[in-house]
Visitor: 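Structure in structure tokens, see below.
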Amino acid sequence: MKAVCVYCGSSNGAKPLYAEAARGFGRALVEAGLALVYGGGKVGLMGTIADAVMESGGRAIGVIPELLVNKEVGHNGLTELHVVPDMHQRKKMMADLSDAFVAMPGGAGTLEELFEVYTWAQLGYHQKPVALLNIDGYYDPLIAMLEHTVQEGFMRQTYFDILQVDSDPVGLIARLRGYQPPPKDKWADNRDAV
Ligand code: AMP
């Protein structure tokens, strides 16, 4: 594993502990010898984690669409900043450059990015780990919703289990390293089974 893609808020969130956690995860990535791949902005937790990686002597690679260079303030102090034509190319490039995906606290954009790579894993498009860094229980309601999808027969337990969850950055990196993808994709057995 060389690079970890981190999805996180373009805002800082309501509590200072979210930014502290972003700094902590940035430092943990550097200590683990891992590069950060992220959305390339300077704002919110995105900017905070990138600053932490750069200040700790690590590698931060940003991928930002042209439209957002000014809005999310493209970070000019990164190891690499790729400016791409649109969101689809942003997400594809971030995915291609990364060996694992982690969502930290964030809003709709973060959730969209998380669910894209999560569902790609379920369909067998990639075998890379997908994880939540669950700071201060931020993702507990989402985890409960996903458990509900399993209980109600809309998702198999196997695919729920793809999602790695930890509140500790070092523990999460260990989970990413030890991850074993499910042996079969969603449609391997038959088309009706959930
Ligand atoms: P947010 O969590 O809403 O603060 O957004 C975090 C990041 O997700 C920002 O860099 C947004 O540009 C990005 N984002 C928002 N919507 C999308 C989308 N539909 N596809 C990909 N990235 C998005």
Side-chain angles (χ1 to χ4, degrees), residues 1 3-32 34-39 41-53 55-56 58 60 72 91 94-95 98-122 126 128-182 194:
M1 193 165 73
V4 175
C5 180
V6 179
Y7 305 123
C8 59
S10 55
S11 309
N12 288 312
K15 300 178 201 150
L17 61 83
Y18 295 126
E20 282 162 31
R23 280 189 285 276
F25 192 38
R27 286 193 296 266
L29 289 174
V30 177
E31 278 161 25
L34 296 167
L36 168 73
V37 174
Y38 86 113
K42 246 186 184 172
V43 292
L45 297 189
M46 295 170 66
T48 303
I49 190 169
D51 287 343
V53 166
E55 283 161 21
S56 311
E72 293 187 352
K91 288 188 289 187
M94 288 168 75
S98 305
D99 304 300
F101 307 98
V102 176
M104 290 198 67
T110 301
L111 295 175
E112 196 275 348
E113 292 169 318
L114 166 72
F115 273 98
E116 184 172 72
V117 291
Y118 185 27
T119 51
W120 283 354
Q122 179 175 298
H126 70 77
K128 300 172 184 178
V130 179
L132 299 175
L133 184 53
N134 192 17
I135 303 303
D136 199 34
Y138 181 76
Y139 277 119
D140 289 354
L142 181 69
I143 295 163
M145 180 67 217
L146 291 171
E147 282 167 350
H148 183 61
T149 69
V150 176
Q151 281 155 13
E152 293 302 311
F154 287 102
M155 183 162 72
R156 287 188 198 173
Q157 183 71 38
T158 317
Y159 302 117
F160 177 82
D161 294 340
I162 286 177
L163 197 61
Q164 306 294 300
V165 183
D166 210 300
S167 57
D168 173 62
V170 175
L172 190 75
I173 291 169
R175 283 179 194 275
L176 300 179
R177 289 209 156 112
Y179 174 74
Q180 296 292 331
V194 176

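Just so you know, these numbers use all the heavy atoms, side chains as well, and skip hydrogens, waters and symmetry mates. Everything numeric in this text was worked out from a predicted model, so none of it was measured.
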Visitor: Please tell me if the side chains of L142 and L114 come closer than 4.5 Å, counting only heavy atoms from C-beta onward.
Guide: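 Contact flag for L142/L114 side chains = yes.
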Visitor: Strictly below 4.0 Å, N to O, side chains only: are K91 and E112 in salt-bridge contact?
Guide: yes
Visitor: Are the side chains of T48 and F25 in contact, using a 4.5 Å heavy-atom criterion?
Guide: no
Visitor: Check K42 with E72, please: is the shortest side-chain N to carboxylate O separation under 4.0 Å?
Guide: no
Visitor: Would you call the rings of Y7 and F101 parallel, tilted or perpendicular if under 30° counts as parallel and over 60° as perpendicular?
Guide: parallel
Visitor: Under the criterion side-chain contact (heavy atoms from CB on, under 4.5 Å), I'd like the reasoning laid out for D168 against L133: C-alpha separation, chi angles, the key distance, then a yes or no.
Guide: CA-CA 7 Å; D168 173 62; L133 184 53; 6.0 Å; no
Visitor: So which heavy atom on Y139 is nearest to which on L111, and how close?
Guide: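 Result for this residue pair: CE2-CD2, 3.8 Å.
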Visitor: So, do V37 and V6 sit near enough that their side-chain heavy atoms are less than 4.5 Å apart?
Guide: no
Visitor: So that I can tick it off, tell me whether R175 and D166 are bridged by a salt bridge, with the cut-off set at under 4.0 angstrom between side-chain N and carboxylate O.
Guide: yes
Visitor: Could you tell me whether the side chain of F160 reaches within less than 4.5 Å of the side chain of I143, counting heavy atoms only?
Guide: yes
Visitor: Is any side-chain heavy atom of V117 less than 4.5 Å from a side-chain heavy atom of H126?
Guide: yes
Visitor: Does the side chain of E55 come within less than 4.5 Å of V30's, by heavy atoms?
Guide: no
